[in-house]
Amino acid sequence: MRIPPVLVAACVWTVIAPAHASAHHGDAGRYIEEAIEITGVVFETDLINPHSILVIDVTDSDGKIVKWTAEMGPAQPLIKSGFANDVKPGTRVTLTGRRLKSGAPYMNLTERARIILTDSGKVVMQNPNYGQPPPPAPAP
């Protein structure tokens, strides 16, 4: 007996969909609340959903190149804004965002963040709440 491909797909989706839905979670407690600024050269951009990724090479205080990964919002608004035309490999950018508490070279650019082209000063991405103070700490 041959199982119809549609039935196989439906069974697989029934197993995968709940895991996919629960995989997206908040970032509470993962990042420092104060925004930091870093400058580097674009290595790679991945305009994907649900979060686009920007990888930049940053020279640290010892002169060593460190690859930083920055998580942005979804691809569609970035594509519509012309982001991909401005932010290409080799472009020098300055990012303002929240760093992981662990100190790893990973930054969140989904709130209170912006990206500017370092050489021209052109703002290519800025959240509506950029420049706002961090939210108050929760009461104990």
Side-chain angles (χ1 to χ4, degrees):
M1 176 177 176
R2 184 166 185 237
I3 300 173
V6 172
L7 182 58
V8 172
C11 291
V12 169
W13 183 250
T14 302
V15 172
I16 293 173
H20 178 71
S22 67
H24 194 257
H25 51 83
D27 64 12
R30 289 183 63 204
Y31 300 95
I32 60 172
E33 287 301 326
E34 295 78 23
I36 66 164
E37 187 175 280
I38 60 171
T39 298
V41 176
V42 174
F43 176 77
E44 177 181 6
T45 57
D46 290 320
L47 299 179
I48 55 175
N49 291 314
H51 297 283
S52 295
I53 300 293
L54 178 64
V55 179
I56 68 170
D57 289 331
V58 177
T59 304
D60 70 10
S61 58
D62 297 326
K64 185 173 134 186
I65 300 292
V66 178
K67 287 213 181 312
W68 275 75
T69 301
E71 176 182 324
M72 301 177 290
Q76 287 82 1
L78 293 168
I79 292 167
K80 286 180 183 178
S81 73
F83 183 89
N85 295 328
D86 291 327
V87 183
K88 297 177 181 179
T91 305
R92 191 164 177 75
V93 293
T94 299
L95 313 180
T96 304
R98 298 178 304 136
R99 182 180 189 165
L100 277 177
K101 284 183 176 178
S102 70
Y106 193 93
M107 181 178 274
N108 181 295
L109 300 177
T110 61
E111 63 178 61
R112 294 185 290 118
R114 80 172 177 181
I115 301 172
I116 62 172
L117 301 179
T118 308
D119 296 337
S120 69
K122 178 181 179 182
V123 176
V124 292
M125 190 220 71
Q126 181 169 302
N127 301 124
N129 63 352
Y130 171 76
Q132 298 294 313

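All values below were derived from every heavy atom in this structure, side-chain atoms included, with hydrogens, water molecules and symmetry-related copies excluded. The shown structure was predicted, so the numbers you read here are calculated from the model rather than taken from an experiment. Throughout, residue positions are numbered sequentially from 1 according to the sequence presented.
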Self-check item: Hydrophobic cluster of I48, others only, ordered by chain and residue number, side-chain cut-off 4.5 Å
Solution: none

Quiz item: How would you list all residue pairs meeting salt bridge (Lys or Arg N to Asp or Glu O under 4.0 Å) that involve residues 32-56, not counting sequence neighbours?
Solution: E33-R98, E33-R112

Practice problem: Could you name each residue pair satisfying salt bridge (Lys or Arg N to Asp or Glu O under 4.0 Å) that touches residues 126-138, not counting sequence neighbours? | Solution: none

Quiz item: Cluster partners of L117, using ILVMFWY side-chain heavy atoms under 4.5 angstrom, listed by chain and number?
Solution: I32, I36, I38, V42, L47, L54, I56, V58, V66, W68, M72, L78, I79, F83, V87, V93, L95, M107, L109, I115, V124, M125

Practice problem: Taking D62 for its side chain and K64 for its backbone only, find out whether a donor-acceptor pair lies under 3.5 Å. | Solution: no

Quiz item: Donor-acceptor pair, N108 side chain versus T110 backbone, under 3.5 Å?
Solution: yes

Self-check item: F43, CZ atom: more than 12 neighbouring heavy atoms under 6.0 Å
Solution: no

Quiz item: How close do A113 and G97 get, heavy atom to heavy atom, and via which atoms?
Solution: CB-CA, 4.2 Å

Quiz item: Do Y31 and E71 touch side chain to side chain, with heavy atoms closer than 4.5 Å?
Solution: yes

Self-check item: S52 versus P74, closest heavy-atom pair with distance
Solution: OG-C, 3.8 Å

Self-check item: salt bridge (Lys or Arg N to Asp or Glu O under 4.0 Å) contacts touching residues 130-140 (sequence neighbours left out)
Solution: none

Self-check item: T94 side-chain N/O to I116 backbone N/O, donor-acceptor pair under 3.5 Å
Solution: no

Practice problem: Hey, could you give me each pair passing salt bridge (Lys or Arg N to Asp or Glu O under 4.0 Å) that has a residue in residues 120-140? Not counting sequence neighbours. | Solution: D86-K122

Quiz item: Would L100 and R30 satisfy side chain to side chain contact (heavy atoms under 4.5 Å, CB included), going step by step from the backbone distance to the final call?
Solution: CA-CA 6 Å; L100 277 177; R30 289 183 63 204; 3.9 Å; yes

Self-check item: Minimum side-chain heavy-atom gap Q132-N127 below 4.5 Å
Solution: no

